[in-house]
Colleague: 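Have a look at this one.
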Amino acid sequence: MGDSQLVVSTGFFVAFIALCLLPQHAQATTRHYEFNIKMQNVTRLCHTKSIVTVNGKFPGPRIVAREGDNLLIKVINHVPNNITIHWHGIRQLRSGWADGPAYITQCPIQTGQSYVYNFTIVGQRGTLFWHAHISWLRSTLYGPIIILPKKNVPYPFEKPYKEVPIIFGEWFNADTEAIISQALQNRWRSKCLDAYTINGLPGPLYNCSAKDTFKLRVKPGKTYLIRMINAALNDELFFSIANHTLTVVDADAIYVKPFETDTILITPGQTTNVLLKTKPKFPGATFLMSARPYVTGQGTFDNSTVAGILEYESPFLHSKKLPLYKPILPPLNDTSFATNFSKKLRSLNSPQFPANVPQKVDKHFFFTVGLGTSPCDQNKTCQGPNGTKFAASVSNISFVQPTTALLQAHFTGQSSGVYSPFFPASPLHWFNYTGNPPNNTMVGNGTKVMVLPFNTSVELVMQDTSILGAESHPLHLHGFNFFVVGQGFGNYDPNNDPKNFNLVDPVERNTVGVPSGGWVAIRFLADNPGWCMVYALSLGSSHELGIEDGMACVRWKTSQSEAPSSTV
């Protein structure tokens, strides 16, 4: 695994075989991209620093493709850091080696080396995004993935006049790799971000930032498709445009039943497409579009607001400054709004876009998610209770990252000593998850996976815990979409709660937030053979690349004919 050239050669071998196995119609359009990972000086908040970028851009370049297209993306690493890129939300059917999590599906791309990601977009259309999947490099390494419908296939909603991506991110004046390094030593986020960003710009509400403001210029009487992406490391965000109503039409590259709202809630890793209908005539005003965090936990967070400006094209020149309207965002801890917004999301469930919810379940799993403690390293100072260090976990197991990629270990038959195939289907110790915490808050550590037969239908309930304080945990499922069939507060009741599950038109997603002090139930079909999927959470507001990850890694037990064509 230390031989980076071996990884590169294998990547080209995989690309060749995968392309040969594709059906002929899928080869019709192959789109080529080249990502040069390089350092670039960028100035925000009157602070200049050198950041890791793709092709010198922050945020990075757009990937634009159609459903059914094959993508060949060559990533060349010119920086000192190891690099991998994750194509967040792409199902990667039979191409798990192209997904990008470091040491899960591939070895990192080392300095001076390259790797070709080769995958086909199957059955997806909408908005996703790409980002680095190692350490905290994705604080600057991210960009949109725009998937258009197949040619001559219309949207199931009004054709927009124009499409605009809006990607939320964060800006740190300090070096994020230094921040995460320090945090890993004492197991707590030692520094908040300095600003949230819209398309890389903090906006006029921060000091020394008025010139770095995203401006969306629109025409009266038009419909715009806004492709929203939350690429922030940790925080769920409320978003609103003053005096305008948004119509939600898509979530995580899946069409939903349209509904109107003044405010959007978007979790890290989620995407949401909305229609913005502009006012029929020039309004004689400008409007702020603003985002700020939804906060449920006790960790550190930044309570500031990022803003952009919606400007109408005017038929005449103005001699005076136009009034500026500001939106009213929900309170920082408005769980009621978050819950009601989530309930409005329903699959389109039309003949053309059905909701294929598994009606029969082969395997039931119950995972707890939350924060616990671990002993502080010798001669270190930690900030957890009684001098311990904080650790996130799934079912009280905090993931230990291997030094060999899990998929490679599996397919080469050398998994012994790399991971254990015995991740528990339910907690080993039951307690009142949302009540008084147990006396013992220590978590276990391990690299454990769960093995499933191919085509197994799965129901997974994820339960938040209050061991060190209840909080919302956004979790992402690699290689699969899932249906959110139910959610609630308090402890999950396996006898009564399933009676209220929505098995008709639940929303289909790849990322979901486990409610603070509550639970969420998802269903999916394990139909992507050879895959290793990862649930992950982190300290603070939590997402998949946080300070100490808790992961449940699941691989499918496949027959020889069902196995992917090659290894990592």
Side-chain angles (χ1 to χ4, degrees), residues 33-44 48-64 71 73-90 98-117 119 127-146 165-181 183 193-202 229-235 268-271 476 478 511 534 536 538 543-547 549:
Y33 287 87
E34 184 170 288
F35 278 19
N36 284 283
I37 311 297
K38 56 190 291 189
M39 304 303 296
Q40 181 71 36
N41 285 339
V42 174
T43 300
R44 297 289 186 270
T48 301
K49 70 172 184 175
S50 183
I51 65 173
V52 181
T53 69
V54 169
N55 302 340
K57 296 181 178 180
F58 172 66
R62 303 178 192 177
I63 295 290
V64 181
L71 288 173
I73 306 171
K74 185 176 183 180
V75 177
I76 309 168
N77 187 8
H78 302 283
V79 303
N81 311 79
N82 286 345
I83 294 293
T84 65
I85 301 293
H86 171 49
W87 318 96
H88 190 104
I90 297 291
D99 192 56
Y103 300 107
I104 306 298
T105 62
Q106 72 170 98
C107 299
I109 307 167
Q110 298 180 26
T111 305
Q113 301 296 324
S114 65
Y115 185 79
V116 176
Y117 292 91
F119 56 90
T127 305
L128 297 171
F129 74 114
W130 59 264
H131 62 78
H133 207 298
I134 185 168
S135 191
W136 263 17
L137 292 175
R138 79 180 185 90
S139 63
T140 60
L141 276 176
Y142 60 83
I145 301 176
I146 296 172
I166 286 182
I167 186 164
F168 301 109
E170 296 153 323
W171 174 262
F172 296 81
N173 285 335
D175 176 14
T176 53
E177 291 304 282
I179 294 173
I180 187 62
S181 177
L193 55 91
D194 291 284
Y196 296 104
T197 59
I198 295 177
N199 292 351
L201 302 172
I229 301 164
N230 188 351
L233 286 169
N234 295 294
D235 292 323
Q270 288 184 341
T271 61
H476 172 51
H478 287 237
T511 303
V534 181
S538 67
H543 189 47
E544 61 175 324
L545 283 181
I547 292 174
D549 288 339

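Keep in mind the model is a prediction, meaning the values are calculated, not measured.
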Colleague: Hey, are the side chains of V54 and I37 touching, using non-hydrogen atoms and a 4.5 Å cut-off?
Modeller: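 Yes, their side chains come closer than 4.5 Å.
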
Colleague: Indicate yes or no: at least one non-hydrogen side-chain atom of Y103 is less than 4.5 angstrom from one of P108.
Modeller: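 Yes. Closest side-chain heavy atoms under 4.5 Å.
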
Colleague: Compute whether any side-chain donor of one residue and acceptor of the other, for T84 and Q106, lie under 3.5 angstrom apart.
Modeller: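 No, Q106 and T84 have no side-chain donor paired with an acceptor closer than 3.5 Å.
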
Colleague: Taking the side chain as every heavy atom from C-beta outward, state whether L141 and H131 have any pair of such atoms under 4.5 Å apart.
Modeller: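 No - every pair of side-chain heavy atoms lies 4.5 Å or more apart.
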
Colleague: Can you see which heavy atom on K74 is nearest to which on S114, and at what distance?
Modeller: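 Shortest heavy-atom separation between K74 and S114 comes out as CE-OG, 3.8 Å.
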
Colleague: Applying side-chain contact (heavy atoms from CB on, under 4.5 Å), can you list everything that pairs with T127, at least two apart in sequence or on another chain?
Modeller: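 For T127 the side-chain contact (heavy atoms from CB on, under 4.5 Å) partners, ignoring immediate neighbours, are R227, I229, T271, N273.
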
Colleague: Nearest 0.5 angstrom please: W136 CH2 to D175 CG, how far?
Modeller: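 Rounded to the nearest 0.5 Å, the CH2-CG separation comes out at 11.0 Å.
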
Colleague: For the aromatic rings, using the six-membered ring if either is Trp, is the centroid distance between H88 and H133 under 6.0 Å?
Modeller: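 No, they do not, as the ring centres are separated by 6.0 Å or more.
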
Colleague: What distance do S135 atom OG and E177 atom CD have between them, rounded to the nearest 0.5 Å?
Modeller: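 Those atoms lie 3.5 Å apart.
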
Colleague: Testing the basics here: between G100 and T105, what is the closest heavy-atom pair and its distance to 0.1 Å?
Modeller: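 Scanning both residues completely, I find the closest heavy atoms to be N-OG1, 3.2 Å.
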
Colleague: Could you report the tightest heavy-atom contact between A174 and I179, atom names first, then the distance?
Modeller: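 Of all heavy-atom pairs spanning A174 and I179, the closest is CB-CD1, 4.0 Å.
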
Colleague: Please name all residues satisfying ring-ring contact (aromatic ring centres under 6.0 Å, His included) with F119, sequence neighbours left out, ordered by chain then number.
Modeller: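 So F119 forms a ring-ring contact (aromatic ring centres under 6.0 Å, His included) with W87.
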
Colleague: With side chains defined as the heavy atoms from C-beta onward, is the minimum distance between Y33 and N55 less than 4.5 Å?
Modeller: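 In short, these two side chains do not touch, never coming nearer than 4.5 Å.
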
Colleague: Between atom CZ of R44 and atom CG of D194, what is the distance when rounded to the nearest 0.5 Å?
Modeller: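 Reported value, rounded in 0.5 Å steps: 13.0 Å.
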
Colleague: Checking I83 against F35 for the side chain to side chain contact (heavy atoms under 4.5 Å, CB included) test, could you report, in this order, the C-alpha distance in whole Å, the side-chain angles of both residues, the deciding distance, and whether it holds?
Modeller: CA-CA 11 Å; I83 294 293; F35 278 19; over 6 Å; no

Colleague: Answer yes or no: is there a side-chain heavy-atom contact under 4.5 Å between Q113 and N77?
Modeller: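 Sidechains of N77 and Q113: no contact.
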
Colleague: Who are the side-chain hydrogen bond (donor to acceptor under 3.5 Å, both in side chains) partners of E34, not counting sequence neighbours?
Modeller: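 side-chain hydrogen bond (donor to acceptor under 3.5 Å, both in side chains) list for E34, sorted by chain: N36.
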
Colleague: For the pair I76 and I109, evaluate side chain to side chain contact (heavy atoms under 4.5 Å, CB included) and give the outcome as yes or no after the intermediate values.
Modeller: CA-CA 8 Å; I76 309 168; I109 307 167; over 6 Å; no

Colleague: Yes or no on side chain to side chain contact (heavy atoms under 4.5 Å, CB included) for I63 and I146, after CA distance, side-chain angles and deciding distance?
Modeller: CA-CA 6 Å; I63 295 290; I146 296 172; over 6 Å; no

Colleague: Just verifying a value: how many Å separate I167 CD1 and I198 CD1, rounded to the nearest 0.5 Å?
Modeller: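 Going from CD1 on I167 over to CD1 on I198, the span is 11.5 Å.
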
Colleague: Is any side-chain heavy atom of Q270 closer than 4.5 Å to one of N230?
Modeller: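 They are not in side-chain contact.
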
Colleague: Return the set of residues passing side-chain hydrogen bond (donor to acceptor under 3.5 Å, both in side chains) with S50 (not counting sequence neighbours), or none when no residue passes.
Modeller: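 With neighbours one apart ignored, the set is empty.
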
Colleague: Could you list the residues that satisfy side-chain contact (heavy atoms from CB on, under 4.5 Å) with T197, not counting sequence neighbours?
Modeller: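 By the side-chain contact (heavy atoms from CB on, under 4.5 Å) rule, T197 matches Y142, W171, P202.
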
Colleague: Does the side chain of K49 come within less than 4.5 Å of V42's, by heavy atoms?
Modeller: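 In short, these two side chains do not touch, never coming nearer than 4.5 Å.
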
Colleague: Can you tell me which residue among L233, I51, T140 is in a side-chain contact (heavy atoms from CB on, under 4.5 Å) with F172?
Modeller: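 Result: among L233, I51, T140, L233 is the only option passing the side-chain contact (heavy atoms from CB on, under 4.5 Å) with F172.
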
Colleague: Can Y115 and Q110 be counted as having a side-chain donor-acceptor contact under 3.5 angstrom?
Modeller: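 Their side chains do not contain a donor-acceptor pair, so the 3.5 Å distance test is not met.
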
Colleague: Just jot down the ring-ring contact (aromatic ring centres under 6.0 Å, His included) partners of F168, sequence neighbours excluded, or say none.
Modeller: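 By the ring-ring contact (aromatic ring centres under 6.0 Å, His included) rule, F168 matches F239.
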
Colleague: Can you find a pair of side-chain heavy atoms, one from H86 and one from R138, that are under 4.5 Å apart?
Modeller: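 Side chain of H86 against side chain of R138, heavy atoms only: no contact under 4.5 Å found.
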
Colleague: What's the spacing between N81 CG and I134 CD1 if we round to 0.5 Å?
Modeller: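 Result: 8.5 Å between the selected atoms.
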
Colleague: When rounded to the nearest 0.5 angstrom, what is the spacing between CD1 in I85 and CH2 in W130?
Modeller: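 Those atoms lie 5.5 Å apart.
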
Colleague: Using a distance-only test with no angle check, is there a side-chain donor-acceptor pair under 3.5 angstrom linking D99 and Y117?
Modeller: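 Looking only at side-chain atoms, Y117 and D99 do not form any donor-acceptor pair under 3.5 Å.
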
Colleague: Please give me the minimum heavy-atom distance between A232 and P268, naming the atom from each residue.
Modeller: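 Looking at all heavy atoms of both residues, the shortest contact is O-CB, 3.6 Å.
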
